[in-house]
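For reference, the structure is listed below as structure tokens.
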Amino acid sequence: MKNYKDLISRNRIPRHVAIIMDGNGRWAKKKSLPRAEGHKRGAEVIEPLMDSAIELGIKAVSLYAFSTENWLRPQTEIFALWRLLEYFFKTRLEKIKGRGIKIRHSGSLDKLPSGTREIIKNAVEETKNNKKAVLNFCLNYGGRQEIVHAVNSWLEKRKPGEPITASKIEKNLYTSGLPGVDLLIRTSGESRISNFLIWQIAYTELVFLDVLWPDFGPSHLYRCIYEYQNRERRYGGI
Ligand code: FPP
């Protein structure tokens, strides 16, 4: 693979990169391992990813860790994912804090086991003053549900006769305050959005990469950014 890091222009780094971390199950299957091992390896990829993102000056990374549709998976796999998240924060929170990363959460925590919920809330609280970069965990997240949630939040504050606008929806999204999503990456060769950040990606550059998520490393991030920088963004203009 080319050394994409050296080919990247430091002047046009995406501010916010969103990632659909797909292919954990296939990675495990290829190695005759249980699916949970694929998720475990998938979680280990996050730290080097954030290190290289910070080094490049990326301001926010959103990770699709559990969708509202993932409840259809076997209970054992779902529980393994919650345990993995708990382990991730128990073992990495101090490092995350030290690196200036702010943890955010997008989605509804309501249905999560109470222990997992508390660990995530604690990570958000403990890192709330960090400024270097945001790591946004999308958990029990769905794009359509997010828009409905945003509209309902706005309705609670609405003055009689006041119309809804795009900017009012935007302000009530889970991602409110984060930079716009410049680049969305999906691993594993699938070319679908799967209900991820559907409002936010109206003008986002999409990169579909034929690499299983547990194999994703900084070199793949550089390649995706290089691809992003070689696209012309016109936002509907000419
Ligand atoms: C999709 O791959 C991946 C998920 C549904 C879960 C993603 C979760 C992680 C990478 C780990 C999360 C943990 C932390 C600490 C963030 P898949 O299982 O659908 O793969 P497949 O399509 O090959 O079966």
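In this text, all values refer to a predicted model and were calculated from it rather than measured experimentally. When a ligand or atom number is given, it counts from 1 through the structure's own listing order.
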**Request:** Run the contact test for I46 against ligand 1 with a 4.0 Å cut-off on heavy atoms, strictly below, and give the result.
**Result:** yes
**Prompt:** So, for Y64 and F137, is the gap between ring centers shorter than 6.0 Å?
**Reply:** no
**Message:** Check for me whether R12 meets the cation-pi criterion with Y228, that is, NZ or CZ under 6.0 Å from the six-membered ring centre and within 45 degrees of the ring axis.
**Reply:** yes
**Message:** Aromatic contact between Y226 and Y4, with the criterion being ring centroids under 6.0 Å apart: yes or no?
**Reply:** yes
**Request:** Starting from atom 9 (C) of ligand 1, find the nearest protein heavy-atom neighbour and note its residue, name and distance.
**Result:** N24 ND2, 3.6 Å
**Prompt:** To the nearest 0.1 Å, how far is atom 5 (C) of ligand 1 from its closest protein heavy atom, and which atom is that?
**Reply:** N70 OD1, 3.6 Å
**Message:** Using a 4.0 Å cutoff against the non-hydrogen atoms of F137, which atoms of ligand 1 qualify?
**Reply:** 16 (C)
**Complete:** re atom 24 (O) of ligand 1, the protein heavy-atom contact at minimum distance is R35 NH1, 3.0 Å
**Asked** What protein heavy atom sits nearest atom 1 (C) of ligand 1, and how far off is it?
**Response** M21 O, 3.3 Å
**Request:** Consider ligand 1: state whether an atom of it lies below 4.0 angstrom from any non-hydrogen atom of R73.
**Result:** yes
**Item:** Residue and atom name of the nearest protein heavy atom (relative to atom 6 (C) of ligand 1), distance in Å to one decimal
**Value:** A65 O, 3.4 Å
**Asked** So, do K132 and K102 sit near enough that their side-chain heavy atoms are less than 4.5 Å apart?
**Response** no
**Item:** Per-atom contacts of ligand 1 with W213, taking only distances under 4.0 Å to non-hydrogen atoms
**Value:** 10 (C)
**Where D210 and G189 come nearest, the two heavy atoms and their spacing** = OD1-CA, 3.8 Å
**Message:** For K157, is the NZ atom crowded, meaning more than 12 foreign heavy atoms sit under 6.0 Å from it?
**Reply:** yes
**Request:** Around atom 22 (O) of ligand 1, find the nearest protein heavy atom and jot down its residue, atom name and distance.
**Result:** R26 NH2, 2.9 Å
**Request:** Verify the ring-centre separation between F79 and W82: is it less than 6.0 angstrom?
**Result:** no
**Fill in**
among protein heavy atoms, the one nearest atom 20 (O) of ligand 1 is G25 N, 3.0 Å
**Request:** Please work out whether the ring planes of F196 and Y141 are parallel, tilted or perpendicular, with thresholds of 30° and 60°.
**Result:** perpendicular
**Prompt:** What residue and atom, counting heavy atoms only, is the protein's closest point to atom 4 (C) of ligand 1, and at what distance?
**Reply:** H39 CE1, 3.9 Å
